[in-house]
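Each chain gets a letter, A, B and so on, in the order the sequences are listed, and its residues count up from 1.
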Amino acid sequence: MAPAAPRSGDAIFASVERVNAELFTLTYGAIVRQLLTDLEEVEEVNKQLDQMGYNIGIRLIDEFLAKSNVSRCVDFKETAEVIAKVGFKMFLGVTASVTNWDADGTCCSIVLEDNPLVDFVELPDTCQGLYYCNILSGVIRGALEMVSMKTEVTWIRDVLRGDDAYELQVKLLKQVPEEYPYKDDE
Amino acid sequence: MGREVSESCIDSLLTEMVSTYCNRFYANKPELAARRIEAIGYQVGHQLSERYTMDRPRFSDHLEAIKFICKDFWSELFKKQIDNLKTNHRGTFVLQDNRFRWLTRMSIDQSPENGASEDTSIMADNKAVQSMHLYFPCGIIRGALSNLGIPCAVSADISNLPACSFVVRIKA
Amino acid sequence: MQFFGGSEISPSPPVPTATGNNAHMMYVFNRNGVCLLYREWNRPLHTLNPQQDHKLMFGLLFSLKSLTAKMDPTSADKGNLGVPQLPGQGCSFHSFRTNTYKLSFMETPSGIKIILVTHPRTGDLREPLKYIYNLYVEYVAKNPLYTPGTSIRCELFNTALDQYVRSIA
Amino acid sequence: MATTACFIIVSRNDIPIYEAEVGSAAKREDAAQLHQFILHAALDIVQDLAWTTSAMFLKAIDRFNDLVVSVYVTAGHTRFMLLHDSRNDDGIKSFFQEVHELYVKILLNPLYLPGSRITSSHFDTKVRALARKYL
């Protein structure tokens, strides 16, 4: 039987190579700022941040699986818990909680109290429509898609917009089984 | 020690940032992509140099500032100092990091078993992408120094990986 | 370990009981059945061209997986034969042995499949396969020059892999 | 507390990016203008002095009647200038140092353009509080 997934990522976070969070925070900020300059449309910036996150999620999933020793992600509920409790801790050093499950267990919220992406950030009036942390929703979407779960991730609360926490709603659209990729007449 | 995040956060962010600008925004305009990536590094260096000089006296000459970059500044970013500093005493400084963190995982297959012609083209691409990854640290150094009142041009040499030499040319 | 970009790989490699050249070849497939890597150390006989060879190997695993799941006497939820499963769904086999070779197999929830073909006398390779997966993470997934889904051409990965595989007993 | 105190921040390119009348005296438009004029006039003196020392706090560098100009220069050559009638170097030094920390926080906001006006009301409130505390 596969080893049970760890309940928290503290041990893993303690064991991985870590770097000064300011460098990470300011680099992300500088990217957002550059995108705002290059793309002008705030909506387009949100889109690009999400796309970047998606590509990152696709890369990061294997490190997450390897280090957390998770050997199966079949149950959405289980998977969401592990991503929040282990994934966020292991990479960002913060813990997220999972709440607001709907009746059929296909939709929940991931809530962040503490978020290293936004240290020092103050949104000027010029970018009100901006979802500054939109890269996070992309990462979650990309990572889940690699474990066969097509999801839709949307922001519910955002401290930079005056809310009391960061809340992402994750909705499971469908689970995609593995197809046999070759046609037999090939 | 302040707040930390996993090294993979910054690594994957940089990888994606470079590929976004090189492959999606400016697929066939590398020089434009390079300028954007350098600008992103410039802002970070500019901010961090002000941050890390808060509790120290101001620099009275260029060498002092460069030494600060090699020691305190580099340590904050990479938990190690620049390994070797050379200068021609005419405004050019060479900062060598014998094992530059952001290059340690970069590798391409140079074994001949892949079709030679294809290989050379891939090698060329890889060299190009590799150099794209250097505009960010170059930007950081240029940003940090210009914030300290030292306008300069910064380039990087990776002829012997994973060592990396940053060449700083101060504008008279 | 200077290869590892400063970071240690976990789990640390299982201690080999004996060293030798037991490995014939290795395949890595992604979730779309693309063969990301084929590495060969000792394979005297080639009967097919690489494409056919890869396709056959993938097909073998694919059917074997649904067969083993189908025959599972313990679990209630078994897919019908040939009906696709989610990676990690149902039971999964990790190796089979013939009189001339042993095939060890690992599949991650992200659909990465690592297949190691070795001498029939080699022992349980589940831990070694995990370790190889960690090598994949360090040198392939984290290599800024690697584009996910494309074939793997990473010197550092091949070096580390060859070196480690030699220690498999 | 100082009855007259005018504080400005001048960017590396000699552009004022923040001004505040932080004295206890009743605010008068013309006075404020005069104060800022005096401070700008003192910029050249700062320029020359800054190169002679590596200290950030340059103390009193100029006077105008009973008013004194104290200056603090950051490594990035941003200048904090205070025109005041109080005689409390230590207080002024602490004021500058704590404003410096606030200023760096502003600078670390990725969406703040270095050298542009500081519009954060949070910053303004904090600076005025520090003035009441130290001047």
Side-chain angles (χ1 to χ4, degrees), chain A residues 9 12-39 44 47-64 66-67 87-94 114-117 119-120 135-136 138-139 142-143, chain B residues 1-26 29 32-52 54 72-80 101-102 104-105 135-137 139-140 143-144 147:
Chain A
I12 309 171
F13 185 65
S15 69
V16 296
E17 210 44 46
R18 294 181 305 281
V19 296
N20 178 340
E22 275 172 3
L23 173 61
F24 171 65
T25 307
L26 294 178
T27 301
Y28 180 68
I31 292 172
V32 175
R33 155 103 160 269
Q34 188 62 45
L35 289 175
L36 284 164
T37 324
D38 295 343
L39 305 172
E44 185 58 20
K47 211 174 112 245
Q48 289 302 336
L49 287 173
D50 176 77
Q51 180 62 51
M52 293 176 81
Y54 176 83
N55 299 343
I56 291 174
I58 286 178
R59 273 180 187 269
L60 239 40
I61 184 66
D62 282 303
E63 179 177 7
F64 168 71
K67 295 213 165 110
F88 275 87
K89 183 75 195 184
M90 159 176 164
F91 290 112
L92 293 176
V94 298
D114 182 16
N115 176 359
L117 279 181
D119 295 343
F120 328 114
I135 198 160
L136 286 182
V139 172
Chain B
M1 188 61 223
R3 186 204 275 252
E4 290 189 314
V5 295
S6 147
E7 187 182 29
S8 302
C9 292
I10 185 80
D11 288 356
S12 50
L13 183 60
L14 292 180
T15 301
E16 182 53 30
M17 179 264 286
V18 170
S19 90
T20 296
Y21 273 96
C22 295
N23 307 335
R24 294 206 276 127
F25 291 0
Y26 301 108
K29 301 198 194 66
L32 285 186
R35 209 175 306 156
R36 299 298 187 281
I37 294 166
E38 206 268 354
I40 292 169
Y42 181 92
Q43 176 177 340
V44 175
H46 194 279
Q47 291 173 306
L48 286 178
S49 69
E50 186 75 17
R51 171 88 171 76
Y52 297 142
M54 271 187 70
D72 313 43
F73 191 77
W74 215 252
S75 308
E76 291 281 358
L77 267 51
F78 302 110
K79 295 182 176 175
K80 79 184 280 292
R101 255 176 190 277
W102 292 342
T104 46
R105 287 199 183 78
Y135 286 105
F136 182 71
I140 290 186
N147 181 54

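- Defined by atom type and a distance below 3.5 Å, a donor-acceptor pair is missing between the side-chain atoms of B/Arg24 and A/Gln51.
- With chain B as partner, the option from A/Leu92, A/Asp38, A/Val94 having the largest number of non-hydrogen pairs under 4.5 angstrom is A/Asp38.
- Comparing A/Asp114, A/Leu39, A/Thr25, A/Leu60 by heavy-atom pairs within less than 4.5 Å of chain B, the highest count is held by A/Asp114.
- For A/Leu35, the parts lying under 4.5 angstrom from a heavy atom of chain B are both the backbone and the side chain.
- For A/Gln34, the parts sitting under 4.5 Å from any heavy atom of chain B are the backbone and the side chain alike.
- For the pair A/Phe120/B/Gln47, no side-chain contact is recorded, criterion being any heavy-atom separation below 4.5 Å from C-beta on.
- In this structure, B/Lys79 contributes its side chain and A/Asn20 its backbone to no donor-acceptor pair below 3.5 Å.
- For a residue to count as touching a neighbouring chain, one of its non-hydrogen atoms must lie under 4.5 Å from one of that chain's; by this rule B/Thr15 touches chain A with the side chain only.
- Taking CG of B/Asp11 as the reference point, atom CZ of A/Phe24 lies at 10.5 Å (rounded to 0.5 Å).
- Heavy-atom minimum distance, B/Ser6 versus A/Met90: CB-O, 3.4 Å.
- Heavy-atom minimum distance, B/Val44 versus A/Leu23: CG1-CD1, 4.1 Å.
- With rounding to the nearest 0.5 angstrom, the OG atom of B/Ser12 is 8.0 Å from the CD1 atom of A/Ile135.
- More than 12 heavy-atom neighbours from other residues, nucleotides or ligands sit within 6.0 angstrom of OH on B/Tyr21.
- Proximity of B/Thr20 to A/Ile31: side-chain heavy atoms (C-beta onward) are nowhere separated by under 4.5 Å.
- To the nearest 0.5 Å, atom CD1 of residue A/Ile56 and atom CG of residue B/Leu14 are 9.5 Å apart.
- Contact check on B/Glu16 versus A/Arg59 returns no salt bridge, with no Lys/Arg side-chain nitrogen under 4.0 Å from an Asp/Glu carboxylate oxygen.
- Using a 4.5 Å cut-off between heavy atoms, B/Ile37 does not touch chain A at all.
- Here the CD1 atom belonging to B/Ile10 is positioned 15.5 Å from the CZ atom belonging to A/Arg18, to the nearest 0.5 angstrom.
- Neither the backbone nor the side chain of B/Tyr42 comes within less than 4.5 Å of any heavy atom of chain A.
- Between B/Arg101 and A/Glu17 the shortest side-chain heavy-atom distance falls below 4.5 Å.
- Proximity to chain B (any heavy atom under 4.5 Å) is shown, for A/Phe91, by both the backbone and the side chain.
- The shortest non-hydrogen separation linking B/Glu4 to A/Phe13 is O-CZ, 3.5 Å.
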